[in-house]
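Only one structure is covered here, and it is reproduced in the block below.
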Number of protein chains: 2
Amino acid sequence: MAETIVDLYKPSDKMYVATDCLIFGFDDGQLKLLVFKRRVEPRRGEWSLIGSFVNLDEDVEEAAKRVLAEITGLENVFMEQLGAYGAAERDPGYRTISIVQYALIRINDYDKKLVESHGAHWFDINEVPELVLDHDKMLADGLRELRRKARYQPIGFELLPEKFTIPQLQKLYEVIYQKELDGRNFRKKLLSLNVLIKLDEKDKSTSRRGAFLYKFDHKNYQKLLKSGYNFEIA
Amino acid sequence: MAETIVDLYKPSDKMYVATDCLIFGFDDGQLKLLVFKRRVEPRRGEWSLIGSFVNLDEDVEEAAKRVLAEITGLENVFMEQLGAYGAAERDPGYRTISIVQYALIRINDYDKKLVESHGAHWFDINEVPELVLDHDKMLADGLRELRRKARYQPIGFELLPEKFTIPQLQKLYEVIYQKELDGRNFRKKLLSLNVLIKLDEKDKSTSRRGAFLYKFDHKNYQKLLKSGYNFEIA
DNA sequence: ATAATAAATGTATTTTTTACATTCTTTTAA
DNA sequence: TTAAAAGAATGTAAAAAATACATTTATTAT
């Protein structure tokens, strides 16, 4: 008997769906990535992005948040989707699609004991060891996206403590863009955006004079966004 | 007996993986979207983005290209991934993840008979009927991405015929950005980029005088990209 | 008291963006 | 053949944004 149209379009194959997360931090003047040892075969034990299979009753995004919390103890973290990696041969074990997210965390907030207990490790972004499967490609794509994104949205703030100094912020942008910025121009541009609130405190850890601390002004930033402003730094 | 670590991290659940494609075209001064009637339950017969399940031995990208060719007859089309849609409840039938791509096609190239035979239909972007499942959200996201992307990469050319006039190109950007542009400034900016090749032909379909036809200079564009130039129009 | 150190500040120049009005080429109709 | 019509093509001045660049300031440690 001929196939009916319903037969033709009936789904046949199921696949595994995983999520992997690029967890970025900023510390010691350097951009860092958190990785751990892969927990499943094949390639169990090799360095890997932090990830997990997605449960059947769970949003993909939820799954990413679950695994992030599991490893770092952090919730309410900035996270966006980078994209899906779906090459047929990307995982030699099972046919698995991975949906990759990137998260930006304040590196002093995470639960160090928990991270250690999972065998996770922070690497300087230039010293990340070879990663399993197509995770190197994910990292390269994620870095490109982070650099692109940082130009138009103030996601840099997600990587800094609540209170930060302008030189710290400048250093962060220098690391992201991989070039030196002029202090006067950077400060001028940034202050002109009116999204920083100057505090009455100084951070004296890096100079005798000390640098004033600032907070990010979320309200003003929302206003700025609505008015169609193109937030562009450096 | 207690679960071993391998048990804990053994994948358990499989899901369906689909791909849906936002197929954009530009015709008659308007941005258009190609949609068809959904071929699978539930909601069979409702308007839907053009999509298909991904076969087990097929890259996700391949699957998208397969379905695009199946409906339009087109190959070698500009296509990029928008992202994965993975809410647990997005499809009330099966647990299905959809990976969405967007394609830009030259609207005169496609196979009209083939499109008709699949019950597919072009809608003016402002008159797209309600779409099935979360496809409305995909369209809204895709439009935003198209608008963003058009600012920094000359993807507009993918929507125009090989030979086009500057007024046509301007009209396209006006439709994408949803605002009028100044003809003198647009032309000046565009020509200054040196990525247009002026031809010795005119298109007289829209005026008595006729407008010169141009081609896109892919080689120069590649040079421009490598030199780090930020291609930004309007 | 002073030496040391990073933080903070202003201006002139260049580049880019914006605003704006007229002339040109060709066809069609009188 | 001439005039009218219609979109295509062009230039310049003003405003805004980005860049280049050097000195002074606040504080701590010696």
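First the proteins, then the strands, lettered A, B, ... as listed; each starts at 1.
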Looking only at N and O atoms, is any donor in the side chain of A:Arg209 or the base of C:dT5 less than 3.5 Å from an acceptor on the other one? no
Any side-chain N or O of B:Thr206 below 4.0 angstrom from OP1/OP2 of D:dA8? yes
Nearest to the side chain of B:Pro167 - C:dT26, D:dA9, D:dA22? D:dA9
Separation of B:Phe186 atom CZ from D:dA8 atom C1', in whole Å? 14 Å
Check the distance between C:dA7's C1' and A:Leu169's CG and give it to me in whole angstrom. 15 Å
Could you check whether the side chain of A:Arg208 and the base of C:dA6 have a donor-acceptor pair of N or O atoms closer than 3.5 Å, going by distance alone? no
Nearest-angstrom distance from the residue atom CZ of A:Phe212 to C1' of D:dT25: 11 Å
Can you see if the side chain of A:Arg187 gets near the phosphate of C:dA8 - specifically, an N or O under 4.0 Å from OP1 or OP2? yes
What integer distance in Å separates B:Asp182:CG from D:dG11:C1'? 12 Å
Just how far, in rounded Å, is C1' of D:dT28 from NZ of A:Lys202? 12 Å
Nearest-nucleotide 5' precedence on DNA chain D, A:Lys204 against B:Leu191: B:Leu191
Toward the 5' end of DNA chain D, which comes first, B:Lys188 or B:Thr165, by nearest nucleotide? B:Thr165
Salt bridge check: are A:Asp182 and A:Arg184 linked by an N-O gap of less than 4.0 Å? yes
Strictly below 4.0 Å, N to O, side chains only: are B:Glu61 and B:Lys65 in salt-bridge contact? yes
Hey, is the main chain of A:Arg209 close enough, under 3.5 Å, to the side chain of A:Lys202 for a donor-acceptor pair? yes
Does a nitrogen or oxygen in the side chain of A:Lys189 sit under 4.0 Å from OP1 or OP2 of D:dA17? no
May I ask you to check whether B:Asp141 and B:Tyr85 show a side-chain donor-acceptor distance below 3.5 Å? yes
What is the distance, to the nearest angstrom, from the CG atom on B:Asn185 to the P atom on C:dA21? 13 Å
For the pair B:His218 and B:Phe216, name the ring-plane relationship: parallel under 30°, tilted 30 to 60°, perpendicular over 60°. perpendicular
Send over the distance from B:Lys198 NZ to D:dA8 P, rounded to a whole Å. 13 Å
Rounded to whole Å, the CZ-P distance (B:Phe164 to D:dA8) equals 15 Å
